[in-house]
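Right, one structure below, let's go through it.
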Amino acid sequence: MLAAACTLGVGLAVLTTLTLVGWIAAPRGTLGDGLPGVFRTAAQIWLAAHHAGFAIPGGRVGLLPIGLMVLPAVLLYKAGRWMARDADLRLRLPARLPKNSPREKAAARRRAQLLLVAQAGVSLAAPYALLAGLIALVTSNEITQPFIGEALLSHFLLAFVVGAVATARTIGPWRAMLRLLPERVRALTVGTAVATALLVLFGLGLVLVAVALNFDQVRELSDVLSPGVVGGLLLLLVQALYLFNVVIWASSYIAGPGFAIGADTLVAPTGVQLGTVPSLPLLGALPESGPVPAWMMAVIALPFAAGAVAGVVVARMSPSPAYEAAPLWGFLTGVTSGLVAGLLAALSGGPIGGGRLTAVGPSPWEVALSVALEVGVAAGISAGVTNLLLLNRKARAPLDKAAAPMRKAGAAIARAASKVGLAEADARPLPGHWMDATEADTQPIPVIRDDWQDEHASAAAETLSQARPRPPMDQAAPARQDIVDESDDRGGHVIYVDPYAWDRD
């Protein structure tokens, strides 16, 4: 309760300061009448930071800046870390686990950690939501009336998620947070996060390109507003807070459905149809009404690229022994990515009062369906191919392991031959995994000198005897020319060590 109260107090203090600055710079009455009106406005902005809507005469306000959610999220994370450290949650983990296998012990410890994280999240979210409900009751007036149900739900969900993450981070490092999840769920979570992050990055890139191409229109809208120095800074802050909304709109544009700026409007790769646009300078980057160049349809390939990367990540994190299972898990990653994209689309849009601005932003279900199909198909294909390559590599591992001694023996023979001091014209590698017999037969035969009295020849003989046991010889070694002829027929080679010991490769 103390952590929740401190979070609300610090957040309201920050927003009240910014609102007071705007009230001083703006005309009287815009941000409230007197200091009570300033505080009421700051409290309503705090509710809007948690995406709680308002009812106004003739409609409702649901288009709220997602960037404003960063302030309560950071404060809740700090409060959650402090709460977890103060409660010594690490000491509450089970010290004695059942005497089972190591795998069952790890699963039991993971379940205990998940339960502890969930309890910590609820303990922070419950009082936080109750205090937010009181703020919604206090700030309600005849002009703006916060939806108390939305305020309770949004504050509880945000505090629960951030508090759970902060608690898990206190228990262990960032990697340990993912290890709390089962292997398959962990792979799906990471794959979904990768696909969503790539879509957001593509959307941000599209927004920057659009602002650069239409910078003159953005500057004209800013000049028309004439906000002044302080007002210009506040206007810049408002646009920065709405930037994440616009990035999600651009991601919806890339996915195909596009977004709307009012009723009967559409901004999509297939065409643009606009009406009167709100006087926000950032919206000056919107394209003009009419057909879109054909090359703009290429942006639809970006969700497929994001799905391909996500499929590779899923297959590498959790390979499937069945060939047909990996594409299904890849497609399921696309489905979860579509659900996340639909949720972000719902958060980024909403009505602004009544009239034609009742529909602003992308359609959540259209975005969810498009992203699920595009990312899912690409992720399924890439996951299947990656899983096949991983299984083939795993199947070749025993063969490579069995061939390792042969490679070491070949390297030892090569080192022994170099110590003897062979002539450069006679030296060549023995046939092995790096040379086939046909290529080897075209090379001159390497021969170790017959001077077995030499210490280098003795070292070579010792190396060869350790690398491969020699077959017992019942008779003296055949003539050198006979061995050369035989090696030519069989594709092998002979190395002479001394007149009475020889070895065939």
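All residue numbers refer to positions in the sequence shown, counting from 1. Here the structure is a predicted model, which means the values were calculated and not measured.
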_Ser348 side-chain N/O to Asn245 backbone N/O, donor-acceptor pair under 3.5 Å_ = no

*Report yes or no: does Arg184 contribute a side-chain atom to a donor-acceptor pair with the main-chain N or O of Ser318 at less than 3.5 Å?*
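Between the backbone of Ser318 and the side chain of Arg184 there is a qualifying donor-acceptor contact (under 3.5 Å).
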
*Using distance alone, with no hydrogens and no angle criterion, decide if Ser363 and Trp365 have a side-chain donor and acceptor under 3.5 Å apart.*
yes

*Quick one: do the Arg40 and Thr139 side chains pair a donor with an acceptor below 3.5 Å?*
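There is no such pair between these side chains.
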
What distance separates [X] [atom1] from [Y] [atom2], expressed to the nearest 0.5 Å?
X: Asn387; Y: Trp329; atom1: CG; atom2: CH2; value: 12.5 Å
X: Met69; Y: Leu76; atom1: CE; atom2: CG; value: 11.0 Å
X: Leu344; Y: Trp249; atom1: CG; atom2: CH2; value: 14.0 Å
X: Ser154; Y: Leu47; atom1: OG; atom2: CG; value: 7.5 Å

*Would the Phe156 and His50 ring centres measure less than 6.0 Å apart?*
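For Phe156 and His50, the ring centres are not under 6.0 Å apart.
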
*Take the angle between the ring planes of Trp46 and His155 and call it parallel below 30°, perpendicular above 60°, tilted in between.*
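Tilted, since the angle between the ring planes falls between 30° and 60°.
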
*Decide yes or no for Leu282 and Leu221: does some side-chain heavy atom of the first lie under 4.5 Å from some side-chain heavy atom of the second?*
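They are not in contact (no side-chain heavy atoms under 4.5 Å apart), so the answer is no.
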
*Side-chain contact, heavy-atom cut-off 4.5 Å: Ile248 with Ile66?*
yes

